[in-house]
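What you see is a predicted model, and the numbers here were worked out from it, not measured in a lab. Naming convention: chains lettered A, B, ... in sequence-line order (proteins, then strands); numbering from 1 in each chain. Keep in mind that the numbers below use all heavy atoms, side chains included, and drop hydrogens, waters and symmetry copies.
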Amino acid sequence: MADIAGLARNNSADAVMMTNGNEEDEIIMNEKEIKKLKLLSAKIRLDVLKCIKKCGYGHLGGSLSIVELLSVLYGKQLRYDAKNPQWKERDFVILSKGHAGPALYSALANVGFFGKDWLLTLNENGTKLPSHLDRVKTPGVDMTAGSLGQGASIAAGIAAGFKLKKNAQFVYLIAGDGELNEGQCWEAFQFIAHNKLNNCIAFIDENKKQLDGWTKDVINPYDIEKKMQAFGFFTKKVKADDESAIDEAIEKCKSVKDSAVCIILDSIKGQGIKYFEDMMDNHSVKFNTAENIKAADDAIEELSALITRLE
Amino acid sequence: MFELDRENTDASEMRMAVVSAIQDLMKINDKVIALEADLGSASGWAKIKKSNPDRFINVGIAEANMVGVAAGLSLIGFIPFIHSFAPFVSRRVFDQIFISGAYSQNTINIYASDPGFTVAANGGTHTTFEDIALYRTIPDALICDAADFVQMRWIIKNFADLKGIHFVRANRKPIANIYKEGSEFEFGKGNILKKGHDILLIAAGQLVSDALNAAESLEKKGISVEVIDMFCIKPLDKDLILKEIKDKRAIISFENHSIIGGLGSAIAEVLAENACGIPLKRIGVNDRFGQVGTADFLQKEFGLTQSVVVDFALSLQN
């Protein structure tokens with residue numbers, strides 16, 4: 001597939017043109033834009049909490065750690081049409097850590113892919129919103145995920161296909177740091193790097209925990225950024241709760257001409273809600289204790305107040 | 001419709017049936033794309049790289065990724081064909097085929113080469129007697145075992161019109177001709193190659209030729225054998241089986257695969273559920289691992305020769 005690398009250069013040339021032909025010229029959002037994204041983040045976070053609390057259990061920690069990323073994607077970076085989810089010219093989002101479904105569902109509901117009432121049907125019999133993503137069931141979900149590691153290959157295939165078609169679309173891959181235990185991720189990363197698929201922006205949500213505990217205690221990932229660099233990626237590492245930083249990193253990646261690109265999100269499992277950040281076993285949270293329910297209710301109240309202030 | 005042409009001994013390599021069919025498809029459909037996992041020289045797909053460089057992707061020795069990349073290409077409208085040796089596009093990637101492919105409603109066309117005893121010198125690690133059994137459990141998967149060059153070309157060309165998981169297994173090397181050039185088939189339909197009234201012999205893949213030889217040999221000994229090429233194992237042509245077993249004394253299934261989960265099992269399910277009362281003998285690999293050797297040696301070693309069929313049929317007379 002000698003041609004993909006060549007096409008990568010052509011496409012990124014276009015990307016540079018979109019940033020006024022000057023790679024060093026960082027695009028800084030104005031305050032209004034930032035406020036808009038912070039508002040969307042708050043809404044997504046509130047809906048994740050409501051959605052999982054209503055269900056009674058769910059993957060809260062890893063959903064909350066990508067809230068700001070989804071806000072930047074759906075609030076600014078992505079090309080999509082909520083009324084036409086299958087629009088062929090859209091950018092694709094491959095949320096490979098498929099258990100973070102509630103975060104994506106909340107983002108999709110907040111930008112109009114479906115009504116927010118759907119969020120309260122998580123995992124119900126016959127629901128369109130299963131715990132793990134299912135592209136056949138949910139409008140706006142570009143790929144099924146849940147069997148970890150497979151999304152990286154899917155994103156690689158989409159990116160390679162866009163290059164072959166000479167389409168200037170992007171695919172955004174979101175993988176978890178625990179998910180990197182899966183060998184298939186690294187097969188896909190080799191492929192993405194070798195073919196210089198700079199139209200695949202790979203995010204690694206480094207929230208430092210997996211189901212059984214700290215990643216460093218289960219299978220130490222060591223320095224993920226260095227690993228990705230060693231695999232041939234251009235990398236950026238940003239605080240995962242900083243919409244501006246995430247947006248700037250994406251713009252920077254879009255200006256990279258001749259290599260694969262990766263953004264490592266320095267995140268917290270349970271991000272944005274102190275009680276759940278501090279909870280050790282927060283991969284899946286059950287709302288079956290008075291304490292957990294009260295914490296959720298308090299957070300719902302605080303987030304609602306924040307949304308009112310930002311609106 | 002199909003016609004037989006067994007006199008033609010000018011057999012070509014099966015892998016070239018696949019290569020030429022894919023190249024033909026690429027002439028008329030820019031969505032068709034071929035993916036290899038570093039076996040392009042073994043499969044002949046290096047020729048596709050040469051003829052259609054922008055429709056060929058070598059993913060390296062990474063079959064799981066190959067399946068995922070194929071699924072991603074399918075998501076944006078491509079029609080991917082993938083190849084590896086049979087174990088590496090079945091056992092090794094089962095969850096990827098299942099989830100990234102079938103469950104997600106993506107399209108992946110799979111050529112699994114050198115199945116069963118045709119593995120020869122690559123030996124036990126590379127042997128698949130269970131690939132069909134695995135794929136049969138995938139809802140809506142289409143599973144074929146190609147009987148000859150003509151049929152293989154037809155299968156590959158017709159896969160391209162379908163959506164879903166489509167699997168075909170065959171030797172890379174030349175095998176005996178069965179069909180006349182231009183023969184047409186139908187997925188889900190078995191082909192009656194020879195009528196007979198004593199025994200119904202249902203075979204698939206490379207063993208169809210041996211089945212016909214066995215039937216001819218038995219005919220001389222006064223036993224009339226009907227032969228069906230059941231090239232499509234899923235969906236299985238149940239109607240044909242139930243129609244053709246009438247008045248037969250016995251049924252024999254004959255496959256280059258384990259008797260657990262393959263053609264013989266599929267036929268047994270049909271017979272049992274229809275209370276046929278006609279005995280079925282499954283000739284296949286009897287719950288064993290593979291080993292190294294020449295294809296001829298392995299075919300004998302695993303009891304997959306025409307003489308095994310003949311001996312069993314003769315034993316019914318006693």
Side-chain angles (χ1 to χ4, degrees), chain A residues 1-4 6-7 86 88-94 96 98 130 132-137 141-167 169 171 173 182-195 197 199-200, chain B residues 26 30-38 40 45-46 48-50 52-82 84 88 92-108 139-140 163-164:
Chain A
M1 194 176 57
D3 289 331
I4 289 182
L7 288 166
Q86 295 298 315
K88 287 205 164 125
E89 291 168 41
R90 72 189 186 279
D91 294 327
F92 279 61
V93 175
I94 305 303
S96 190
H132 295 88
L133 298 172
D134 189 326
R135 81 173 193 94
V136 178
K137 290 193 168 64
V141 169
D142 287 323
M143 183 56 193
T144 301
S147 185
L148 294 175
Q150 297 191 21
S153 298
I154 300 291
I158 293 170
F162 284 159
K163 295 284 186 191
L164 291 172
K165 290 176 163 188
K166 301 182 173 37
N167 289 2
Q169 286 157 272
V171 53
L173 165 67
E182 294 279 4
Q184 189 178 347
C185 295
W186 303 97
E187 290 189 5
F189 292 157
Q190 290 177 91
F191 180 88
I192 293 167
H194 172 83
N195 291 297
L197 299 177
N199 57 346
C200 172
Chain B
M26 285 177 172
D30 68 357
K31 298 275 187 281
V32 173
I33 188 161
L35 291 90
E36 249 295 357
D38 198 40
W45 287 28
I48 301 173
K49 181 184 181 181
K50 215 166 186 181
N52 302 78
D54 61 346
R55 286 295 179 271
F56 177 85
I57 296 175
N58 191 343
V59 300
I61 312 160
E63 295 82 8
N65 187 49
M66 175 166 70
V67 172
V69 169
L73 287 163
S74 165
L75 272 177
I76 56 168
F78 283 97
I79 302 169
F81 283 78
I82 68 171
S84 188
F88 310 136
R92 190 181 183 92
V93 296
F94 189 67
D95 190 50
Q96 284 78 14
I97 291 284
F98 200 101
I99 296 296
S100 291
Y103 181 75
S104 304
Q105 295 186 8
N106 284 315
T107 291
I108 307 176
D140 299 324
K163 288 199 186 307

Residue D38(B) excluded, over 12 heavy atoms near CG under 6.0 Å
yes
Using a 4.5 Å cut-off on heavy atoms from C-beta on, say whether the side chain of I57(B) contacts that of N195(A).
no
Can you confirm whether Q184(A) sits close enough to V67(B) that some side-chain heavy atom of one is under 4.5 Å from a side-chain heavy atom of the other?
no
Are any of the side-chain heavy atoms of S100(B) and I154(A) separated by less than 4.5 Å?
yes
Is there side-chain contact between T144(A) and Q105(B), with heavy atoms separated by less than 4.5 Å?
no
Check whether F98(B) gets within reach of chain A through its side chain, its backbone, both or neither, counting any heavy atom under 4.5 Å.
neither
In the structure I gave you, are the side-chain heavy atoms of Q190(A) and V59(B) within less than 4.5 Å of one another anywhere?
no
Are side-chain heavy atoms of D142(A) and L75(B) found at a separation under 4.5 Å?
no
side-chain contact (heavy atoms from CB on, under 4.5 Å) between N106(B) and R135(A), intermediate numbers included
CA-CA 10 Å; N106(B) 284 315; R135(A) 81 173 193 94; 3.7 Å; yes
Looking only at G60(B), A62(B), S104(B), most heavy-atom pairs under 4.5 Å shared with chain A are made by S104(B)
CD1/I99(B) to CG/L148(A) distance, rounded to the nearest 0.5 angstrom?
11.5 Å
Main-chain N/O of I76(B) paired with K165(A) side-chain donor or acceptor, under 3.5 Å
yes
Can you tell me how far CG of D30(B) sits from CG of L164(A), rounded to the nearest 0.5 angstrom?
10.5 Å
Derivation of the side-chain contact (heavy atoms from CB on, under 4.5 Å) call for H194(A) and N58(B):
CA-CA 11 Å; H194(A) 172 83; N58(B) 191 343; over 6 Å; no
Using non-hydrogen atoms and a 4.5 Å limit, figure out which bit of E36(B) sits close to chain A: side chain, backbone, both or neither.
neither
Which atoms form the tightest heavy-atom contact between N65(B) and S153(A), and what is the distance?
OD1-OG, 2.6 Å
Where does L35(B) contact chain A at under 4.5 Å (heavy atoms): side chain, backbone, both or neither?
neither
Measure the spacing between CD of E187(A) and CD of E63(B) and express it to the nearest 0.5 Å.
7.0 Å
When the 4.5 angstrom heavy-atom criterion is applied to D134(A) and chain B, the contacting part is side chain
Check this for me: R90(A), atom CZ, are more than 12 non-hydrogen atoms of other residues, nucleotides or ligands nearer than 6.0 Å?
yes
